[in-house]
Amino acid sequence: RLFALHSARVVIAQARKRPCSMDAEEFRKQGHRLVDFIADYRASLQRRELPVRSEVEPGYLAKALPTECPEKAESFDDVMEDLQKHIVPGLTHWQSPDFFAFFPANSSYAAVLGELLSAGFGVQGMLWITSPACTELETIVLDWLAKLLALPEPFLSSVKGGG
């Protein structure tokens with residue numbers, strides 16, 4: 001256990017010495033690129049250019065990636081190339097108009113943007129004190145949902161016990 005703790009401390013110390021590899025402008029540039037990638041990917045699904053179910057064989061990804069963790073970060077270009085070449089072919093394309101298995105999983109473009117915003121804020125909303133806006137917005141939206149579903153009053157946050 002002591003070795004693991006020491007190793008973790010070494011890794012953290014090394015990470016602190018390295019400056020962040022992406023500044024705000026690089027984030028902006030690559031973020032636009034990712035949004036374009038997602039829009040193009042989703043459009044290709046609508047055009048039915050990808051098979052709904054992956055056609056890869058088990059273990060395909062282990063053959064394509066290094067066996068050891070890289071010591072240096074790859075360029076974003078390399079990451080995007082790996083994504084297109086190795087990850088996309090191994091996906092079941094749940095957003096395809098031809099996907100009818102399991103349960104409805106369609107996600108809107110608005111939902112994708114909401115996820116991006118949520119990740120960008122990095123809010124931890126487990127208690128009111130950790131992020132008042134997050135907790136209060138959740139409460140308000142859940143009250144809206146309870147009313148839309150015509151649930152009984154005990155489901156609302158305004159009652160004793162908080163809904």
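- Remark: the backbone N or O of S107 is paired with a side-chain donor or acceptor of Q95 at under 3.5 angstrom.
- Atom CG of L83 and atom CG of L34 lie 8.0 Å apart (nearest 0.5 Å).
- The neighbour count for R53 CZ, taken as heavy atoms of other residues, nucleotides or ligands under 6.0 Å away, does not exceed 12.
- To the nearest 0.5 Å, the span separating CZ on R28 from CE on M22 amounts to 12.5 Å.
- Across all their heavy atoms, G90 and S54 have their closest contact at CA-OG, 3.4 Å.
- In plain terms, the two heavy atoms of V52 and F99 that are nearest each other are CG1-CD1, 3.5 Å.
- A donor-acceptor contact shorter than 3.5 Å links the side chain of S44 to the backbone of Y41.
- What you find for V123 and C134 is that their closest heavy atoms are CG1-CB, 3.7 Å.
- Within a 6.0 Å radius of OH in Y109, other residues, nucleotides and ligands contribute more than 12 heavy atoms.
- By the salt bridge (Lys or Arg N to Asp or Glu O under 4.0 Å) test, E55 pairs with no residue at all, sequence neighbours left out.
- Remark: the backbone N or O of T135 is paired with a side-chain donor or acceptor of T139 at under 3.5 angstrom.
- Connection of V79 to I87 is not established within any shared hydrophobic cluster, with ILVMFWY side chains joined at heavy-atom distances below 4.5 Å, either directly or through further cluster members.
- For L149, the CG atom counts as densely surrounded, since its 6.0 Å shell holds more than 12 non-hydrogen atoms of other residues, nucleotides or ligands.
- Annotation: side chain of W128 is in contact with side chain of E136 (closest heavy-atom distance under 4.5 Å).
- Both F27 and F37 are part of a single hydrophobic cluster, where members link through side-chain heavy atoms under 4.5 Å apart.
- Under the 3.5 Å distance criterion, with hydrogens and angles disregarded, no donor-acceptor pair is assigned to the side chains of H86 and Y60.
- Proximity of a side-chain donor or acceptor of S96 to a complementary backbone N or O of D98 within less than 3.5 Å is detected.
- Residues P51 and H93 share a closest heavy-atom pair of O-CD2, 2.9 Å.
- For E49, the salt bridge (Lys or Arg N to Asp or Glu O under 4.0 Å) partners two or more places apart in sequence, or in a different chain, are R47.
- Between atom CZ of residue F155 and atom CG of residue D143 there is a gap of 12.0 Å, rounded to the nearest 0.5 Å.
- Residue pairs satisfying the salt bridge (Lys or Arg N to Asp or Glu O under 4.0 Å) criterion with at least one member in residues 77-92, sequence neighbours excluded, are listed as follows: R33-D77.
- Atom CD of E26 is surrounded by more than 12 heavy atoms from other residues, nucleotides or ligands within 6.0 Å.
- Under the 4.5 Å side-chain heavy-atom criterion for ILVMFWY residues, a single connected hydrophobic cluster contains both L61 and M80.
- V141 and L148 end up in different hydrophobic clusters when Ile, Leu, Val, Met, Phe, Trp and Tyr side chains are linked at under 4.5 Å.
- Shown here for T130 and L127, the closest heavy-atom pair between the two residues is OG1-O, 2.7 Å.
- Atom-to-atom distance recorded for W94:CH2 and L45:CG is 14.0 Å, nearest 0.5 angstrom.
- Atoms CG and CH2, from L156 and W144 in turn, are 13.5 Å apart once rounded to the nearest 0.5 Å.
- One hydrophobic cluster holds both V56 and V88 under the rule that ILVMFWY side chains link at heavy-atom gaps under 4.5 Å.
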